[in-house]
Asks: 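Have a look at this one before I ask anything.
Indexing begins at 1, ligand by ligand and atom by atom, following the structure's order.
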Amino acid sequence: MSKIGIFFGGKDNGSTAKVARKIQELLGDEASIHNVASAAKTDVEKYDFLVLGTAAWGIGEMHSDWERFIDTMVEADLAEKKIGLFGLGDQKIYPESFVDGMGTIFCRLPHKENVIGYTSTRGYHFYYSTAEKDGKFVGLAIDDDTQKEFTDERVKNWVKQIREEAGI
Ligand SMILES: Cc1cc2nc3c(=O)[nH]c(=O)nc-3n(C[C@H](O)[C@H](O)[C@H](O)COP(=O)(O)O)c2cc1C
């Protein structure tokens, strides 16, 4: 059974899905991928390690499928599960709410101490993000709209980091 569940919200051909698939490729056979549009609480319960991703929408919202799924997800017992977050956004058009969807998922988690994979904000240019805590992003921030050239390297570095932090 796979130990790692990657849950993303968004279209299957969107940038968030693309990043989810890259993460899965790098994590290998132990990782399964779910679109939250069709995921259930039992899917969440199967895994020891959850990777949760969303783009930012509206004024710093998660993808609408996450808005529906997050209450179901937090009904599962997350106390012993490690969690990694990734968020997509556009820092040029939305510099005051950059990757805020990731900040919203973080804010809704009952066990924030289980979140691993914080990353540096260096190299990004924005004014404000709810995904920034104590000078770091609470996960992997991807701007595939204006910094596409960094996406692969950022994903690769982050997967290496979470593997080390989670011991997987
Ligand atoms: C209506 C709309 C609102 C958006 N709001 C934000 C935002 O508040 N913050 C941000 O960083 N990006 C925002 N974005 C940019 C998207 O998050 C970004 O384009 C993302 O890569 C889309 O992912 P997807 O292809 O999986 O849908 C917005 C985009 C649209 C179209």
Asks: Quick check: Y47 with H34 (ring centres under 6.0 Å apart)?
Replies: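 Judged by ring-centre distance (under 6.0 Å), H34 and Y47 do meet the cut-off.
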
Asks: Check for a donor-acceptor pair, side chain of D65 on one end and backbone N or O of V36 on the other, with a separation under 3.5 Å.
Replies: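 Such a contact is absent between D65 side chain and V36 backbone.
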
Asks: Quick one: pull up CG in D100 and OG1 in T54 and give me the separation to the nearest 0.5 Å.
Replies: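 Here the interatomic distance stands at 11.0 Å.
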
Asks: Would you check if there is a donor-acceptor pair between the side chains of T146 and D143 at a distance under 3.5 Å?
Replies: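 Yes - a donor-acceptor pair under 3.5 Å links their side chains.
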
Asks: With a 4.0 Å heavy-atom cut-off, what residues sit around ligand 1?
Replies: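 Those residues closer than 4.0 Å to ligand 1 by some heavy atom are G14, S15, T16, A55, A56, W57, G58, G60, L88, G89, D90, Y94, S97, F98, V99, D145.
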
Asks: I want to know whether Y94 and F126 have ring centres closer than 6.0 Å.
Replies: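 No: the rings miss the under 6.0 Å criterion.
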
Asks: Between Q24 and A31 (side chain of the first, backbone of the second, donor and acceptor by atom type, cut-off under 3.5 Å), is there such a pair?
Replies: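 Between the backbone of A31 and the side chain of Q24 there is a qualifying donor-acceptor contact (under 3.5 Å).
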
